[in-house]
Amino acid sequence: MDRTTGRTFTRGATRFAPSPTGELHLGNARTALFNYLLARRAGERFVLRVEDTDAGRSRAEYTTGLLADLAWLGLEWDAGPGREDELGPYFQSQRGALYAQRFAELERQGVAYPCFCTPLELEAARHAQRASGRAPRYPGTCRELSAGERERRRTAGVPATLRFRVPSGRRIEFTDLVHGAQSFLSDDIGDFVIRRADGSAAFFFSNAVDDAAMGVSQLLRGEDHLTNTPRQLLILEALGLPAPCYGHIALILGPDGAPLSKRHGAASVRQFRDRGYRPEALVNYLFRLGHSSPEHDLLGIEALAAAFDVHHLGRSPAHFDEQQLRVWQKAAVQRLSVHETCTWLAAQLPAGLDPAAAQAFSAAVLPNVVLPEDARPWAQIIFGPPPILDAEGEQIVRAAGGAFFAAAARAATINGADLAAITAAARAASGAKGAQLYRPLRFALTGLGHGPELAPLLQAIPPGQIEQRLARFAHAPEAGVSPTTSKQ
RNA sequence: GCUCCCUUCGUCUAGAGGCCCAGGACAUAGCCCUCUCAAGGCUGUAACACGGGUUCGAAUCCCGUAGGGAGCGCCA
């Protein structure tokens, strides 16, 4: 009980309210993340509400995907689908009865009225208004219909929407969490639909009413809602419901400066997930997109919450930059345990590879991998046939000499995948050191002049292969004959 | 058309009148380390959209201009 208000005290909440009409978009993912962080930071609840009022576009599989992606990102909701409580249900399609009461309340007050205009008529009106240089607003055709006329049309079965009567001459003010003081004139707003002809609730209405019903105290949403806010404030005011503090964050832009969309390639969480991006990478990147922090390390979700600050949300739109995402991905990948790495790289490994070999491979290759596909060439090199050398490789191998490789191969036979033993033997046989010692070995073993560290790489090469790959150069030709083509 | 939002290095941003000839991170260039790549260390290049005000003093306040974006839907 709150002593000052006498009302039952409930913890505040933030929410994320997606509509299941597609995959979770990066922009929405960021909105979800920010709201989650805001809740965690403030000790509030994080509510997930599915806005599936558009029966035509909403699909169950999108809901499933949405929930899965959110969970994958690590954004657990305190209330929502699968976590029902007394403030639910959390699917708007199941909240019709609650809306009905509110519709009735508004109609009784005369704040809402039935509108019998057809979509065609409305479209024509908008078109005419635009053509004559005026704002496309509801012309008010049904605003002052008499009670008798309304009744007559209703009994005649004319389909009707319910419109909110926007008061004239009002100034609507509120303080935006990120943009500060905002002020709008009600005269710039036309009467808008709050209930569709099919009886379902429209966004402005259900969204606002549910926030109030679910105890949402503050929330962050896309800037495309900024100019819609006064409408929602008007609804809440008419119903005597508390309004949450709204904060509007700018849209995420693609490389060309246009709002990020499918046009720009991958734009959904699912697509990045499928390409092997780590959730920690995505979350850390999104955390810094339109939000600044002195923290420059890869942070866990709790640390992100502690570092989140609404005052450091930017007002200008940020560009999505995959290069930056890759930086976080690299950091996230380097922190993977060997076990996690094996799972992550599973698709790149030869089928039936035994666990120990998979671990050795993963450990060796991980420092050089950002996405799983980067491991594929290494899998080919390590598990495939002895690699063919290019001209540079041949030259370096030849310069090392046959004795060098004979000794190295012998050491491998005796000691196995022991780099120290192999280099010691090669050095003793040839006197080579430094690059003269390591590069020929690297080329002979991998066919390349660059790559992961040799020692762990040796651990990943299948038994017998080290010896074989080295021995093929043990009888180095005096000149001209290529062991890579004569052998193997 | 009307209303609203936005504009600092390549990118994300710090900056709430003097601490800023603008700071950080990533990217990038060079050097060091190193068998190579990566990592790490050091050094460097690089920005207040433009024009007017206000002020002793402006990236910061005001007014314009330009550019970008959003909303004005029986989409959310």
Side-chain angles (χ1 to χ4, degrees), chain A residues 17-21 28 51-54 56-58 92 115 117-119 122-123 126 129-138 159-163 176 178-179 182-185 187-190 192-200 202-204 206-207 221-231 248 250-251 253 255 257-259 285 287-297 311-312 314-328 330-331 334 366-370 396 419 423 432-443 446 448-454:
Chain A
S19 64
T21 54
N28 287 138
E51 307 219 323
D52 54 350
T53 55
D54 184 345
R57 295 203 305 149
S58 298
Q92 288 192 323
C115 169
C117 298
T118 66
L122 294 169
E123 178 56 37
R126 271 196 295 273
Q129 286 166 327
R130 272 187 213 278
S132 63
R134 282 175 296 142
R137 278 203 281 274
Y138 179 65
T161 61
L162 190 64
R163 259 179 211 281
D176 187 280
V178 348
H179 292 278
Q182 302 293 312
S183 172
F184 293 86
L185 263 14
D187 292 342
D188 290 327
I189 305 170
F192 54 94
V193 170
I194 55 176
R195 185 182 63 206
R196 306 187 186 99
D198 67 2
S200 64
F203 168 78
F204 291 133
S206 54
N207 181 268
R221 56 181 355 181
E223 203 178 85
D224 45 342
H225 291 298
L226 182 56
T227 51
N228 289 331
T229 305
R231 268 169 266 260
H248 294 89
L251 272 35
L253 270 28
Y285 176 58
F287 173 77
R288 275 114 181 151
L289 201 55
H291 176 258
S292 63
S293 170
E295 292 286 354
H296 295 305
D297 295 328
H311 298 111
H312 281 107
R315 289 153 298 282
S316 49
H319 294 76
F320 174 75
D321 181 1
E322 188 161 353
Q323 189 187 33
Q324 299 288 327
L325 206 209
R326 284 180 64 91
V327 172
W328 292 107
K330 191 177 284 185
Q334 297 317 314
L366 189 64
N368 289 60
V369 163
V370 174
I396 285 174
L419 182 64
T423 53
K433 57 181 182 178
Q436 270 71 45
L437 180 58
Y438 287 89
R439 299 207 82 208
L441 291 174
R442 175 176 290 282
F443 269 108
T446 69
L448 295 176
H450 63 88
E453 286 189 39
L454 267 182

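Chain identifiers are assigned alphabetically (A, B, ...) following the order of the sequence lines, protein sequences preceding nucleic acid strands; residue numbering begins at 1 within each chain.
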Non-neighbouring partners of R442(A) that pass side chain to side chain contact (heavy atoms under 4.5 Å, CB included), sequence neighbours left out: T446(A), L454(A), L457(A)
Base, backbone or nothing for each nucleotide of nucleotides 31-44 of chain B, written B, S, -, heavy atoms under 4.0 angstrom, 5' to 3'? ----BBBSS-----
Among N207(A), N28(A), L226(A), side-chain contact (heavy atoms from CB on, under 4.5 Å) partner for R221(A): N207(A)
Side chain of R126(A), heavy atoms from C-beta onward: which of A76(B), C2(B), C74(B) has the nearest atom to it? C74(B)
Quick one: look up who C35(B) pairs with, Watson-Crick or G-U, both distances under 3.5 Å, and put none if it's unpaired. none
Is the phosphate of C26(B) approached by Q323(A) (side-chain N or O, under 4.0 Å from OP1 or OP2)? no
Any N/O donor-acceptor pair, Q324(A) side-chain to C12(B) base, under 3.5 Å: no
C75(B) P sits how many Å from N228(A) CG, rounded? 14 Å
Per atom distances to the R137(A) side chain, the nearest of C26(B), C72(B), A76(B) is C72(B)
What's the CZ-C1' distance between F184(A) and C2(B), to the nearest Å? 13 Å
Euclidean distance for P, C61(B) against G18(B) (whole angstrom): 12 Å
Taking only side-chain nitrogens and oxygens of H311(A), does any of them come within less than 4.0 Å of OP1 or OP2 of A16(B)? no
Spell out protein contact along nucleotides 60-70 of chain B as letters: B when the base is contacted, S when just the sugar-phosphate is, - when no protein heavy atom is under 4.0 Å; keep the 5' to 3' order. ---------SS
